[in-house]
Amino acid sequence: MMKGAHFPAAAAFALLALGTFHLVYAFDPSPLQDFCVALNTTNTDISAVFVNGRFCKDPKMATPEDFFFSGLRMPGNTSNPLGSIVTQANVEQIAGLNTLGISLARIDYAPGGLNPPHIHPRATEVLMVMEGTLYVGFVTSNDNDNRLFSKVLYKGDVFVFPFAQIHFQLNIGKVKAVAVSSLSSQFPGVITIANAVFGSNPPINPDVLTKAFQLDNNVVQYLQKQFWYDNN
């Protein structure tokens, strides 16, 4: 189990990433005020302003709790088919992140646990290994010949997953692993490839997937009947 003492390093990493993302590129619109604490309501009055898809609280009514989240201090439950769990710290958990163009996530991995191939449609990701050993990688677009960039990471190592590229992490160690990610969006989103392709609702016509993946139609229908676990 990872102790809370490791998280000051994660906090420093997040602050560094925040400065880097704002200097280089921010996908979310840049704020025009000190902050814009999100209101999770549509019942607004004259003091509310709609920014980045959310209504903002009157800044004079903001409190420290609007900028606080304790959910990353505790290990996530990896007892699932993937052996991994993602604990997100985005605008859904921290209202004060609204318009700031950054968020965090903690990923816990059981031995052999996988964070399966997925993309973040609105963010670049910087991942730092806090404990354990991970095999990580991303695959480029068709324009760049679908090249695989992969690396084995150890405690303290950092790896970048470029904007909207398919990427993954696999715990290849014999003990649990933990990583912390910084993402360049207040709400980066996630599309898990297998879930989206074989677990869509309603299902994609099997003829489409049979031809796309060059598989037997029975195999495609079998895959579509499986339960595709979401570890987010």
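Positions are given from 1 along the sequence.
- Put simply, the side chain of Gln88 reaches to within 4.5 Å of the side chain of Gln93, judged on heavy atoms.
- Atom OG1 of Thr133 sits about 9.0 Å away from atom CG of Leu153, to the nearest 0.5 Å.
- Between the side chain of Asp58 and the backbone N or O of Lys60 there is at least one donor-acceptor pair closer than 3.5 Å.
- Within 6.0 Å of atom OH in Tyr154, 12 or fewer heavy atoms from other residues, nucleotides or ligands are found, so the atom counts as exposed in its surroundings.
- Taking both residues in full, the closest heavy atoms of Asn80 and Asn77 are given as ND2-O, 3.7 Å, listed atom of the first, atom of the second, then distance.
- The closest side-chain heavy-atom distance from Phe35 to Pro59 is below 4.5 Å.
- Not a single donor-acceptor pair under 3.5 Å links the side chain of Asp207 to the backbone N or O of Lys211.
- Side-chain contact between Ser181 and Ile107 is present, with heavy atoms from C-beta onward closer than 4.5 Å.
- Note that the CD atom of Gln186 and the CG atom of Asn90 stand 8.5 Å from one another [nearest 0.5 Å].
- Here the closest non-hydrogen pair linking Leu183 and Ala123 is CB-CB, 4.1 Å.
- A 4.5 Å side-chain heavy-atom check between Gln224 and Pro206 finds at least one atom pair inside the cut-off.
- The CD1 atom of Ile85 sits 11.5 Å away from the CZ atom of Arg106 when rounded to the nearest 0.5 Å.
- Between the side chain of Thr192 and the backbone N or O of Ala194 there is no donor-acceptor pair closer than 3.5 Å.
- Between Pro121 and Phe163, the shortest heavy-atom distance links the atoms O-CZ, 3.6 Å.
- Annotation for Leu127 and Gln169: closest pair CD1-CD, 3.7 Å, computed over non-hydrogen atoms.
- Note that CZ of Phe159 is 15.5 Å distant from CE of Met128, once rounded to the nearest 0.5 Å.
- Of all heavy-atom pairs between Val86 and Ala105, the closest is CG1-CB, 4.0 Å.
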Evaluation steps, side chain to side chain contact (heavy atoms under 4.5 Å, CB included), between Val158 and Val126: CA-CA 7 Å; Val158 171; Val126 182; 3.4 Å; yes
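- Cluster annotation: Tyr135 and Val175 are assigned to distinct hydrophobic clusters (Ile/Leu/Val/Met/Phe/Trp/Tyr, side-chain heavy-atom contacts under 4.5 Å, transitive).
- Chaining together hydrophobic side chains whose heavy atoms lie under 4.5 Å apart places Ile166 alongside Ile119, Ile191, Ile193, Val197, Phe198, Ile204, Val208, Leu209, Phe213, Leu215, Val219, Val220, Tyr222, Leu223, Trp228.
- Distance check, rounded to the nearest 0.5 Å: CG of Leu148 to CZ of Phe138 gives 8.5 Å.
- A continuous path of hydrophobic side-chain contacts links Val152 to Leu170 [ILVMFWY only; heavy atoms under 4.5 Å].
- The two residues Leu72 and Ala89 come nearest to each other via the heavy atoms CD1-CB, 4.1 Å.
- Contact check for Val178 versus Pro75: no side-chain heavy atoms found under the 4.5 Å cut-off.
- In the hydrophobic cluster analysis, where Ile, Leu, Val, Met, Phe, Trp and Tyr join through side-chain heavy atoms closer than 4.5 angstrom, Leu114 is grouped together with Val139.
- Screening Asn115, Asp108, Thr78 for a side chain to side chain donor-acceptor pair (under 3.5 Å) with Asn231, the sole residue that qualifies is Asn115.
- Taking CD from Glu125 and OG from Ser103, the interatomic distance works out to 9.0 Å, rounded to the nearest 0.5 Å.
- Tracing side-chain contacts under 4.5 Å through hydrophobic residues (I, L, V, M, F, W, Y), one never reaches Val190 starting from Leu82; they form parts of separate clusters.
- At a threshold of 4.5 Å between non-hydrogen side-chain atoms, the residues Asn98 and Val37 do not count as touching.
- Side-chain contact between Pro162 and His167: absent, with no pair of heavy atoms (C-beta onward) separated by less than 4.5 Å.
- Counting heavy atoms from C-beta outward, His118 and Phe161 have side chains that stay 4.5 Å or more apart.
- Under the 3.5 Å distance criterion, the side-chain polar atoms of His120 are matched with a main-chain donor or acceptor of Gly189.
- Cluster annotation: Tyr109 and Phe168 are assigned to distinct hydrophobic clusters (Ile/Leu/Val/Met/Phe/Trp/Tyr, side-chain heavy-atom contacts under 4.5 Å, transitive).
- Remark: the backbone N or O of Gly113 is not paired with any side-chain donor or acceptor of Ser84 at under 3.5 angstrom.
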